[in-house]
Amino acid sequence: MALERTLVIVKPDGVQRGLVGPIISRFEARGLKIVGMKLMQIDRDLAARHYAVHEGKPFYAGLIDYITSSPVVVMVLEGPGAIDIARRTMGATRPAEAQPGTIRADFGLEVGRNLVHGSDGPETARCEIDLYFTEDELISWPRADDRWVYE
Ligand code: IDP
Ligand code: MG
């Protein structure tokens with residue numbers, strides 16, 4: 001499987017509830033490699049660019065308020081099939097429909113407080129990584145575990 005990079009965000013509810021560690025642990029334990037990470041406050045301009053595809057939907061205003069309400073932890077995760085793997089680790093958009101064992105099912109209840117974001121495809125991953133990180137904020141590093149995680 002091709003090595004991919006994806007953008008993952010621990011949203012404001014994840015940070016406020018002290019779940020940054022438990023959420024990142026799920027991705028780390030899965031074998032995804034952190035190649036970029038920072039705590040930041042998303043401003044309304046960045047939020048609008050990130051969620052442009054949802055403009056005009058009934059939940060759009062609430063979504064912008066939510067994602068800008070408090071700091072978030074943004075990261076770039078790398079691994080074979082990382083985009084889909086991260087989405088499956090997060091679970092369905094609506095926590096009530098997410099499979100037990102996924103982040104959204106295990107830590108959440110409502111779609112408007114679903115704890116994490118993950119890019120949904122190769123093109124969005126590229127755009128979203130560029131929105132949040134400069135090239136020199138991303139580090140390609142050999143990990144001691146690599147040969148025990150990748151064939
Ligand atoms: P995703 O995050 O699983 O890709 P999207 O459909 O792209 O889901 O929606 C983006 C985000 O917008 C969701 O993660 C959630 O925070 C919010 N959202 C989506 N649908 C609703 C809704 O019906 N009510 C409130 N918030 C919603
Ligand atoms: Mg989406």
Side-chain angles (χ1 to χ4, degrees), residues 1-135 137-140 149:
M1 175 106 27
L3 205 63
E4 292 178 342
R5 286 181 171 186
T6 188
L7 184 91
V8 167
I9 304 177
V10 181
K11 292 176 173 179
D13 46 339
V15 177
Q16 287 285 354
R17 292 174 58 198
L19 294 172
V20 172
I23 289 171
I24 294 176
S25 287
R26 300 290 181 100
F27 297 109
E28 279 191 304
R30 192 90 201 248
L32 294 173
K33 186 190 291 186
I34 300 166
V35 297
M37 183 158 70
K38 59 188 169 187
L39 178 79
M40 65 178 288
Q41 179 92 35
I42 299 178
D43 64 26
R44 299 186 75 85
D45 179 63
L46 178 57
R49 287 200 281 160
H50 179 148
Y51 284 123
V53 294
H54 295 302
E55 202 183 339
K57 294 184 184 169
F59 60 84
Y60 177 76
L63 175 59
I64 299 298
D65 287 345
Y66 164 47
I67 203 70
T68 59
S69 62
S70 184
V72 297
V73 173
V74 289
M75 68 200 101
V76 177
L77 300 179
E78 182 184 89
I83 297 167
D84 198 44
I85 293 280
R87 297 273 301 184
R88 289 171 184 276
T89 304
M90 289 159 44
T93 303
R94 298 178 178 279
E97 291 163 14
Q99 292 294 318
T102 62
I103 293 165
R104 284 166 167 172
D106 290 356
F107 299 118
L109 291 171
E110 295 201 323
V111 66
R113 297 288 183 271
N114 64 359
L115 297 144
V116 274
H117 167 81
S119 307
D120 65 5
E123 189 51 43
T124 34
R126 253 189 305 277
C127 290
E128 291 176 0
I129 290 168
D130 283 352
L131 268 185
Y132 288 91
F133 289 91
T134 60
E135 195 52 50
E137 288 176 318
L138 301 176
I139 302 173
S140 293
V149 177

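Scope of the values below: all heavy atoms of this structure, side chains included, with no hydrogens, waters or symmetry mates. When a ligand or atom number is given, it counts from 1 through the structure's own listing order.
Using a 4.0 Å heavy-atom cutoff, Val111 is listed among the residues neighbouring ligand 1. Not close to ligand 1: Glu110, with no non-hydrogen atom less than 4.0 angstrom away. Look at Arg94 and you'll find a heavy atom under 4.0 Å from some atom of ligand 1.
Contacts of Lys11 with ligand 1, taken as heavy-atom pairs under 4.0 Å, involve the side chain alone. For Arg104, every heavy-atom contact with ligand 1 shorter than 4.0 Å involves the side chain, none the backbone.
Going from atom OG1 of Thr93 over to atom NE2 of His117 covers 10.5 Å, rounded to the nearest 0.5 Å. Atom CG of Asp13 is separated from atom CD1 of Ile67 by 8.0 Å, given to the nearest 0.5 angstrom. The CZ atom of Arg113 sits 10.0 Å away from the NZ atom of Lys11 when rounded to the nearest 0.5 Å.
A cation-pi arrangement is found for Lys38 relative to Phe133, the charged atom lying closer than 6.0 Å to the ring centre and inside a 45° cone about the ring normal.
Selection from Thr124, Thr93, Ile64, Leu63 by nearest heavy atom to atom 3 (O) of ligand 1 gives Thr93.
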**Prompt:** Could you go step by step and tell me if Ile103 and Phe27 meet the side chain to side chain contact (heavy atoms under 4.5 Å, CB included) rule?
**Reply:** CA-CA 10 Å; Ile103 293 165; Phe27 297 109; 3.5 Å; yes
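At most 12 non-hydrogen atoms from other residues, nucleotides or ligands lie less than 6.0 angstrom from CD of Gln99.
Ligand 1 places these atoms under 4.0 Å from at least one heavy atom of Arg87: 1 (P), 3 (O), 4 (O). Near Asn114, with a cut-off below 4.0 Å to any heavy atom, the atoms of ligand 1 are 13 (C), 14 (O), 15 (C), 16 (O).
With respect to atom 9 (O) of ligand 1, the closest heavy atom belonging to the protein is His54 NE2, 3.4 Å.
Between Tyr132 and His50 there is a side-chain heavy-atom pair separated by less than 4.5 Å.
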